[in-house]
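Here's the structure we're looking at; comments come further down.
Just so it is clear, the values below take in all heavy atoms, side chains as well, and ignore hydrogens, waters and symmetry mates. Everything quoted here is computed from the prediction, not taken from an experiment. The chain is numbered in sequence order, starting from 1.
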Amino acid sequence: MKDQVQVAQPDRNLAMELVRVTEAAAISAARFMGRGDKDGGDRAAVNAMRAFLKTVDMDGVVVIGEGEKDEAPMLYNGERVGSGRGPKVDIAVDPVEGTRLLAYGRPNSIAVIGAAEAGSMWRPGNSFYMDKLVVEPAAREAIDINDTPTHNLQRIAEALGRKVEDLTVFVLDKPRHQALIAEIRRAGARITLHTDGDVMGALMAAIPGTGVDVLMGIGGTPEGVLAACAVKALGGGMQGKRAPQKDIEKERLAADGVDLDEVLTLDDLVRSDNTFFAATAITEGSFLEGVRFDQGRGIVTTESVVIRSRSGSMRYIKGVHQFKRKFDFEKIDREAAALAQQ
């Protein structure tokens, strides 16, 4: 009998190393804040994230990336990242969640990454949109995505020991949500509308005390897997269902024989109980401070959140980066300007 090969599993808080990756992406992208160039900001973040991923001791495969290889030359689905040494992990990335938020200088744009043991992340395939429902740990047994928003809000309020009128629901401000918004209002809950950024919305809904109690509505399926890394690490509740929005998506899912009524639980989205999540704010938000530049002192400050499921730890990290020692600010500005013109 041949000796079995032992696969290294993540036995350290990998998120503490991955936060360096999101910090680098956030700092690079932040130079584009308010410039109206979402592609330039995204490109800068991708380049920084890819470069710093090489320094992390892991054997990673991008499961949720910028797209397929032919369409996304960097951080594409299936790309191998890390030093090649250390644990084998699935990686989900969004170098800039909220490219439009960044381009127009709006709140809550973040650089984000999730990781889990190899083979444990759900592959969305031809599913691009997902209906999502996310809550904090105390209400995780109260949710049922097949039930009405009203009934869900009533059960969530009861689980949290509050009234429905005290709940705040994060919803993306999209035409597809007109009926959902109307029903939430009839139920009596408050709503915070956002043009983009439902990973941040899921994160805030899963953490008690952020001012957001529930995330409801349809967003990106890849973002759903990424959010699941955080929600699972936090012990929150999350359910999802594929919700195709375009005919081509519906046709492809039908050809794949996909059941659109299937409810996706946290364990479906991320099977591992050892997940890691790191996010660094790019623009200012109510939850995390955005990147701030102090060129006179050669300092850049960042704020990040780092979470691991196995230990249940969540850390807020304030980074003070003395770039004067390592980088030339004029060079950074030149490179940013060059990227903007590409």
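- Both I181 and V169 sit in one connected hydrophobic cluster of ILVMFWY residues. Membership requires side-chain heavy atoms under 4.5 Å apart, directly or through other members.
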Decide yes or no on salt bridge (Lys or Arg N to Asp or Glu O under 4.0 Å) for R190 and E165, but give the supporting numbers first.
CA-CA 7 Å; R190 303 186 302 168; E165 291 80 2; over 6 Å; no
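- Taking 4.0 Å as the cut-off between side-chain N and carboxylate O, K132 and E223 do not count as a salt-bridged pair.
- Side-chain N/O atoms of T302 and T280 include no donor and acceptor closer than 3.5 Å.
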Between R162 and D213, is the salt bridge (Lys or Arg N to Asp or Glu O under 4.0 Å) condition met? List the steps.
CA-CA 11 Å; R162 297 192 232 159; D213 304 297; 2.9 Å; yes
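- Taking hydrophobic clusters as Ile, Leu, Val, Met, Phe, Trp and Tyr residues chained together by side-chain heavy-atom distances below 4.5 Å, L215 shares a cluster with M314.
- Residues L18 and M58 have side chains in contact (heavy-atom distance under 4.5 Å, counting atoms from C-beta outward).
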With side chain to side chain contact (heavy atoms under 4.5 Å, CB included) as the test, would you mind laying out the steps for L269 and V231 before giving the verdict?
CA-CA 11 Å; L269 296 170; V231 177; over 6 Å; no
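- The CD1 atom of I218 lies 6.0 Å from the CZ atom of R176; values are rounded to the nearest 0.5 Å.
- D144 contributes atom CG, which lies 11.0 Å from atom NE2 of H151 (distance to the nearest 0.5 angstrom).
- Of the possible polar contacts, none joining the T22 side chain to the A111 backbone as a donor-acceptor pair under 3.5 Å is found.
- Here the CD1-CD distance, from I110 to E303, works out to 12.5 Å after rounding to the nearest 0.5 Å.
- With sequence neighbours left out, P222 forms a side-chain contact (heavy atoms from CB on, under 4.5 Å) with I64.
- Of the listed residues (L75, L226, V81), just one forms a side-chain contact (heavy atoms from CB on, under 4.5 Å) with I91, and that residue is V81.
- Within 6.0 Å of CZ on F128 lie more than 12 heavy atoms contributed by other residues, nucleotides or ligands.
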Do T192 and T168 pass the side chain to side chain donor-acceptor pair (under 3.5 Å) test, and can you show the C-alpha distance, the side-chain angles, and the key distance before you say yes or no?
CA-CA 7 Å; T192 176; T168 299; over 6 Å; no
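- Classification of E117 and R310 as a salt-bridged pair holds, one side-chain N sitting under 4.0 Å from a carboxylate O.
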Under the side chain to side chain contact (heavy atoms under 4.5 Å, CB included) criterion, do F276 and L14 qualify, and how do the steps go?
CA-CA 7 Å; F276 308 86; L14 195 60; 3.8 Å; yes
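- Residues M238 and L133 have side chains not in contact (no heavy-atom distance under 4.5 Å, counting atoms from C-beta outward).
- Judged purely by distance below 3.5 Å, without hydrogens or angles, the side chains of D256 and N126 pair a donor atom with an acceptor atom.
- The backbone N or O of M121 sits less than 3.5 Å from a side-chain atom of D90, completing a donor-acceptor pair.
- The side chain to side chain donor-acceptor pair (under 3.5 Å) check on D166 picks up nothing, with sequence neighbours excluded.
- Residues K232 and D267 are paired through a salt bridge, judged by an N-O separation under 4.0 Å between the basic side chain and the carboxylate.
- Listed for the E136 side chain is no donor-acceptor partner under 3.5 Å among the backbone atoms of I207.
- Looking at heavy atoms from C-beta onward, R315 lies out of side-chain contact with R308 at the 4.5 angstrom threshold.
- Within the 4.5 Å cutoff, the side chain of S313 has no heavy atoms near those of the I307 side chain.
- Smallest separation of non-hydrogen atoms from F170 and V212: CB-CG1, 3.7 Å.
- Not a single donor-acceptor pair under 3.5 Å links the side chain of R292 to the backbone N or O of V300.
- The residues D261 and R242 are annotated as not salt-bridged, no charged nitrogen and carboxylate oxygen being separated by less than 4.0 angstrom.
- The backbone N or O of Q245 lies less than 3.5 Å from no partner atom in the side chain of K250, so there is not a single donor-acceptor pair.
- For S286, the side-chain contact (heavy atoms from CB on, under 4.5 Å) partners two or more places apart in sequence, or in a different chain, are M204.
- No donor-acceptor pair under 3.5 Å is formed between the side chain of D42 and the backbone N or O of K38.
- Looking only at distances, no side-chain donor or acceptor of E249 sits under 3.5 Å from a matching main-chain atom of S127.
- At a threshold of 4.5 Å between non-hydrogen side-chain atoms, the residues V61 and E79 do not count as touching.
- Taking each heavy atom of D273 and S309 in turn, the nearest pair found is O-OG, 2.7 Å.
- Ring geometry for Y316 versus F287: interplanar angle over 60°, hence perpendicular rather than tilted (30 to 60°).
- Side-chain atoms of K174 come within 3.5 Å of backbone N or O of T195 as a donor-acceptor pair.
- Remark: E158 CD is loosely packed, at most 12 non-hydrogen atoms of other residues, nucleotides or ligands lying under 6.0 Å away.
- Geometric assessment of R31 against the ring of F293 yields a positive cation-pi assignment under the 6.0 Å and 45° thresholds.
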K241 and D131: salt bridge (Lys or Arg N to Asp or Glu O under 4.0 Å), yes or no, with the steps?
CA-CA 5 Å; K241 289 178 70 174; D131 193 10; over 6 Å; no
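- Once rounded to the nearest 0.5 Å, the distance linking CD of E284 with CG of N108 reads 10.0 Å.
- There is a side-chain donor-acceptor pair under 3.5 Å between T150 and E183.
- In the hydrophobic clustering of ILVMFWY residues, with side-chain heavy atoms under 4.5 Å counting as a link, L180 and L193 come out together.
- Residues I113 and V96 do not share a hydrophobic cluster, defined by chaining ILVMFWY side chains whose heavy atoms lie under 4.5 Å apart.
- For K246, the NZ atom sits in a loose shell: 12 or fewer heavy atoms of surrounding residues, nucleotides or ligands are nearer than 6.0 Å.
- Residue N274 holds its CG atom at 8.5 Å from OG of S311, rounded to the nearest 0.5 Å.
- Grouping the Ile, Leu, Val, Met, Phe, Trp and Tyr side chains by contacts below 4.5 angstrom, directly or via other members, places L160 with V135.
- Here the closest heavy-atom approach between residue G236 and residue L266 is recorded as O-CD1, 3.3 Å.
- The shortest distance between side-chain heavy atoms of E262 and L264 falls below 4.5 Å.
- Considering all non-hydrogen atoms of both residues, A202 and A227 come closest at CB-CB, 3.7 Å.
- A donor-acceptor pair is defined here as one N or O able to donate and one able to accept, closer than 3.5 Å; no such pair exists between the side chain of H177 and the backbone of V171.
- For the residue pair R123/N77, the side-chain donor-acceptor check at 3.5 Å is not satisfied.
- Of the N and O atoms on the side chains of S83 and D57, at least one donor lies less than 3.5 Å from an acceptor on the other residue.
- No side-chain heavy atom of V21 sits less than 4.5 Å from a side-chain heavy atom of E17.
- Between the side chain of D59 and the backbone N or O of V89, no donor-acceptor pair lies under 3.5 Å.
- Contact record, I145 with Q239: N-OE1, 2.8 Å, taken as the closest heavy-atom pair.
- Taking 4.5 Å as the limit, some side-chain heavy atom of H321 sits within range of a side-chain heavy atom of I27.
- Taking every heavy atom of both residues into account, A228 and V270 meet most closely at CB-CG2, 3.9 Å.
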